[in-house]
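Letters A, B, ... mirror the listed sequences (proteins, then strands); counts begin at 1. Just so we're clear, the structure is a prediction, and the values are computed from it rather than from any experiment.
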Number of protein chains: 2
Amino acid sequence: MTDDLRPAGTPTLEDVARAAGVSRATVSRVINGVRNVDPVIQEAVRHAVASTGYAPNRAARSLVTRRTDAIALVVSGAGVEPETEADADASADEADGGEGASFTGQVFADPFFGRVVTGVVNYLRPRGMHPVLMFAETSRAREDVVAFLRQGSADGALVVSTHAEDPLPGMLTDAGLPAVLYARPARAARISYVDVAHQDGARLAAEHLLARGCRRIATITGPLDVPAVQERLAGFRDAMAQNGHPYIAIAEGRFTQESGETAMERLLAEHPDLDGVFAANDLMATGACHVLRERGKRVPEDVAVIGFDDSSAALACRPPLTTVRQPVEAMAAEMARLLIERLGKPEGAATSVIFEPSLVVRDSA
Amino acid sequence: MTDDLRPAGTPTLEDVARAAGVSRATVSRVINGVRNVDPVIQEAVRHAVASTGYAPNRAARSLVTRRTDAIALVVSGAGVEPETEADADASADEADGGEGASFTGQVFADPFFGRVVTGVVNYLRPRGMHPVLMFAETSRAREDVVAFLRQGSADGALVVSTHAEDPLPGMLTDAGLPAVLYARPARAARISYVDVAHQDGARLAAEHLLARGCRRIATITGPLDVPAVQERLAGFRDAMAQNGHPYIAIAEGRFTQESGETAMERLLAEHPDLDGVFAANDLMATGACHVLRERGKRVPEDVAVIGFDDSSAALACRPPLTTVRQPVEAMAAEMARLLIERLGKPEGAATSVIFEPSLVVRDSA
DNA sequence: GTGAAAGCGCTAACAG
DNA sequence: CTGTTAGCGCTTTCAC
């Protein structure tokens with residue numbers, strides 16, 4: 001008669017406690033690894049846990065701890081506007097995925113996001129945390145991300161913007177939600193981020209070009225209102241200047257392959273004897289190679305070309321591009337670390353961590 | 001005195017109720033769109049919600065509804081497995097881009113997973129649900145997935161196995177957890193899945209080869225113990241037989257490029273006059289092209305080659321491969337639909353939905 | 001049509 | 001070191 005009301009569904013703490021002959025609190029303690037529990041009782045509890053097949057209910061725990069151990073990994077950016085990366089051949093599929101198909105499809109077409117995911121997951125997993133994948137390509141989607149976090153569905157957000165004027169970071173900070181960005185935001189904000197030392201990357205390119213003997217060097221920049229673009233340009237100029245080349249030809253592109261072609265044509269028209277080009281991303285470098293070959297210039301023999309990002313475009317290019325590579329996995333892991341650190345002390349100041357890029361030497365320079 | 005204890009943190013249902021001058025129950029009703037609420041009161045509640053900036057707490061709701069509106073999107077498959085008992089608590093940190101990097105990195109290198117994510121997100125998002133990304137490449141990781149679901153951290157799992165002998169589906173069903181697979185499992189199980197009509201895909205390849213005039217045709221299969229491989233072979237044979245070619249040469253590969261090369265060499269040795277090859281995946285087709293060109297055969301002029309999957313390898317191959325493509329986004333969306341349907345009626349039978357593939361004609365055939 | 005009250009399963013003081 | 005006691009914020013009978 002004493003035990004005719006058996007637990008029906010999944011076992012709860014209560015059930016385990018009863019089985020072990022202790023209180024719920026004690027069971028909770030051993031499960032959460034709190035000290036000050038008699039080893040004998042600990043053992044009894046563990047046994048009871050095993051025999052009942054107990055699994056702690058996350059919602060219940062979350063309700064009191066105010067933590068979900070989930071973080072939002074959001075890929076943010078405009079849906080219509082040109083992206084900084086990953087719009088090589090944005091055609092093909094989109095057959096049935098519906099609206100966002102092109103955005104998410106494009107996004108994962110570039111190995112970059114896979115690397116981000118890798119870095120994040122590797123950091124989160126050993127800590128019992130998990131990433132919830134979200135896309136914020138429309139204003140509606142951005143609101144959803146904010147709502148998601150405000151509901152306490154995730155403890156914070158890791159956001160990777162594909163373009164500079166992204167409003168999401170601002171929305172997040174305005175709502176007082178913990179977030180960490182990949183890349184410095186265009187408008188300075190009280191928000192942590194990781195980034196690569198763009199200047200140093202550009203310097204690597206400059207020095208490589210110089211080292212291989214190039215003397216008439218030009219650069220194709222990205223949109224000059226983007227901070228990273230300015231830094232790449234500044235770094236390139238500085239390095240060139242320090243090596244006795246105070247003036248270099250410049251053409252501004254828009255990060256697309258087509259804009260890289262146009263820029264290269266302009267450059268060639270003004271400086272037919274060019275022998276080295278540094279483009280601010282791989283897509284534009286690819287466009288440059290294209291034009292160069294059309295004009296009968298061999299790459300790298302006549303003109304050496306260096307890109308930036310080590311994206312899929314770098315490998316797809318013929319010849320394969322020498323390019324500047326960011327330590328994406330490490331950077332992504334650091335984002336996660338920063339976010340979790342911030343969850344610990346909510347009032348901590350925003351931090352930024354800058355990583356050093358490296359040069360991947362292939363055939364184009 | 002009546003209101004000197006103001007809500008400190010985020011507003012709760014209680015706060016909204018007070019602001020609207022109604023009970024929590026009523027607020028709950030309007031928020032959840034339950035009928036039978038006076039329109040006037042509804043409006044008052046909505047107003048109160050807006051003015052308080054209320055956002056329902058997911059954990060609390062989840063605790064009572066037993067739903068999280070999150071689903072696990074798990075990429076499963078064999079990685080390098082330490083598998084020792086000692087690594088229970090090992091792998092503590094692994095800094096950043098450590099071990100697992102190779103698995104997740106590789107995974108997203110193929111556009112396939114991006115397409116799956118796209119399909120899943122597009123289906124889930126309008127329904128207020130979100131995918132939690134998980135990798136199950138080690139036995140430890142698989143246990144984590146099961147634990148995650150048993151804790152009620154997600155309502156079910158969508159699993160994409162990169163391997164036929166994946167133990168995860170079995171573990172999931174054994175635990176009574178809702179799951180839907182991409183591709184039919186090797187061992188039949190009471191589990192829903194989506195798949196492509198492999199026979200029809202192979203038939204498309206056969207007919208295309210025949211239509212372009214090939215008459216001495218061979219096929220490179222995958223490991224014959226994989227169901228999909230058998231179906232592709234059967235479909236190919238049938239189509240050929242129906243068109244007057246009851247016998248075709250066969251070589252078994254292991255889905256790797258290298259095995260494709262070996263298979264092609266064998267085929268060529270036995271049938272030097274081959275003029276068409278259908279490989280059961282793009283990697284093997286790539287290997288075949290390689291060998292063919294080494295042997296002085298032009299593709300497609302001398303020998304036409306068709307692959308399967310339309311993976312990144314298809315585009316990377318020279319010449320770009322004509323290949324059979326699965327409607328991945330639609331299939332992924334259907335997985336999500338099936339899972340959600342199953343969440344509604346837990347005792348429903350396992351279903352499978354088969355999709356029609358299409359032929360992507362490029363240069364190799 | 002609306003409110004009161006009873007939990008969902010867990011953690012965290014606070015006593016003992 | 002362990003048990004008791006309150007809730008965490010929400011949904012949901014069950015009365016009114």
Side-chain angles (χ1 to χ4, degrees), chain A residues 5-46 48-49 52-69 128 147 149-153 155, chain B residues 5-46 48-49 52-69 128 147 149-153 155:
Chain A
L5 33 99
R6 278 273 157 60
T10 48
T12 73
L13 255 198
E14 183 75 50
D15 301 322
V16 179
R18 201 178 310 147
V22 297
S23 72
R24 293 204 311 262
T26 299
V27 178
S28 177
R29 287 186 187 105
V30 350
I31 284 176
N32 293 298
V34 177
R35 299 176 305 272
N36 300 341
V37 179
D38 186 316
V40 179
I41 292 190
Q42 271 191 43
E43 196 39 46
V45 170
R46 281 188 218 299
V49 166
T52 52
Y54 172 74
N57 178 308
R58 225 34 130 156
R61 174 179 292 180
S62 184
L63 185 54
V64 31
T65 61
R66 267 111 205 317
R67 285 276 240 128
T68 62
D69 287 347
L149 291 166
R150 295 216 332 136
Q151 287 182 110
S153 298
D155 299 331
Chain B
L5 33 99
R6 279 276 157 56
T10 48
T12 74
L13 212 46
E14 182 75 51
D15 301 322
V16 178
R18 201 177 311 146
V22 297
S23 72
R24 294 205 310 263
T26 299
V27 178
S28 176
R29 286 186 187 106
V30 351
I31 285 176
N32 294 298
V34 178
R35 298 177 307 274
N36 298 342
V37 180
D38 186 314
V40 179
I41 292 189
Q42 272 191 43
E43 196 39 45
V45 170
R46 281 189 218 298
V49 167
T52 52
Y54 172 73
N57 178 306
R58 241 316 192 177
R61 175 179 292 179
S62 184
L63 184 55
V64 29
T65 62
R66 267 109 206 316
R67 286 276 240 128
T68 62
D69 287 346
L149 291 165
R150 295 217 331 135
Q151 287 183 112
S153 299
D155 300 329

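- One distance of note links CZ of B:Arg24 with CG of B:Asp15; it measures 11.0 Å at 0.5 Å rounding.
- Among the protein residues, A:Arg24 comes within range of the nucleic acid bases, having at least one heavy atom under 4.0 Å from a base atom.
- In terms of polar N and O atoms assigned as donor or acceptor, the side chain of A:Arg29 comes within less than 3.5 Å of the base of D:dG3 in a complementary pairing.
- If you take CZ of A:Arg61 and P of D:dC10, they are 21 Å apart, rounded to a whole angstrom.
- Protein atom CG of B:Asn32 is 7 Å distant from nucleotide atom P of D:dT12, rounded to whole Å.
- Atom CG in B:Leu63 sits roughly 9 Å away from atom C1' in D:dG9 (whole-Å rounding).
- Taking CG from A:Leu63 and OG1 from A:Thr68, the interatomic distance works out to 12.5 Å, rounded to the nearest 0.5 Å.
- With A:Gln42 contributing its side chain and A:Val37 its backbone, the two residues share a donor-acceptor pair below 3.5 Å.
- At whole-Å resolution of the value, CG in A:Asn57 and C1' in D:dG9 are 14 Å apart.
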Go through the steps for B:Arg61 and B:Asp69 under the test side chain to side chain contact (heavy atoms under 4.5 Å, CB included), then give the verdict. CA-CA 11 Å; B:Arg61 175 179 292 179; B:Asp69 287 346; 5.9 Å; no
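- Between atom CD of residue B:Glu14 and atom OG of residue B:Ser23 there is a gap of 9.5 Å, rounded to the nearest 0.5 Å.
- For the pair B:Asn32 (side chain) and B:Val34 (backbone), a donor-acceptor distance under 3.5 Å is absent.
- Between the P atom of D:dC10 and the CD atom of A:Gln151 lies a distance of 10 Å, rounded to the nearest Å.
- Screening B:Val16, B:Ile41, B:Val27, B:Val30 against B:Arg46 for a side chain to side chain contact (heavy atoms under 4.5 Å, CB included) leaves a single residue, B:Val30.
- When the nearest nucleotides of DNA chain D are assigned to A:Val37 and B:Arg58 by heavy-atom distance, the more 5′-ward of the two goes with A:Val37.
- For DNA chain C, the outermost nucleotides in 5' to 3' order that have an atom under 4.0 Å from a heavy atom of chain B are C:dG1 to C:dG9.
- Each of A:Ser28 and B:Ala25 lies near DNA chain C, and the nucleotide nearest B:Ala25 is the one positioned closer to the 5' end.
- Summarising the geometry, the separation between CZ on B:Arg67 and P on D:dC10 is reported as 19 Å, rounded to the nearest angstrom.
- Remark: of the listed residues A:Ile31, A:Val45, A:Thr10, A:Ile31 is the sole one forming a side chain to side chain contact (heavy atoms under 4.5 Å, CB included) with A:Tyr54.
- Spacing between atom CD of A:Glu14 and atom C1' of D:dG3 amounts to 12 Å, rounded to whole angstrom units.
- Side-chain N/O atoms of A:Ser23 include none lying less than 4.0 angstrom from OP1 or OP2 on D:dT4.
- Taking the C1' atoms of five terminal pairs at each end of the helix from C:dG1-D:dC16 to C:dG16-D:dC1, the two resulting helix axes are inclined by 30°, rounded to 10°.
- Across B:Arg150, B:Arg66, B:Arg67, a single residue satisfies salt bridge (charged side-chain N to carboxylate O under 4.0 Å, His left out) together with B:Asp155, and that is B:Arg67.
- For D:dT2, neither phosphate oxygen OP1 nor OP2 lies less than 4.0 angstrom from any side-chain nitrogen or oxygen of A:Asn36.
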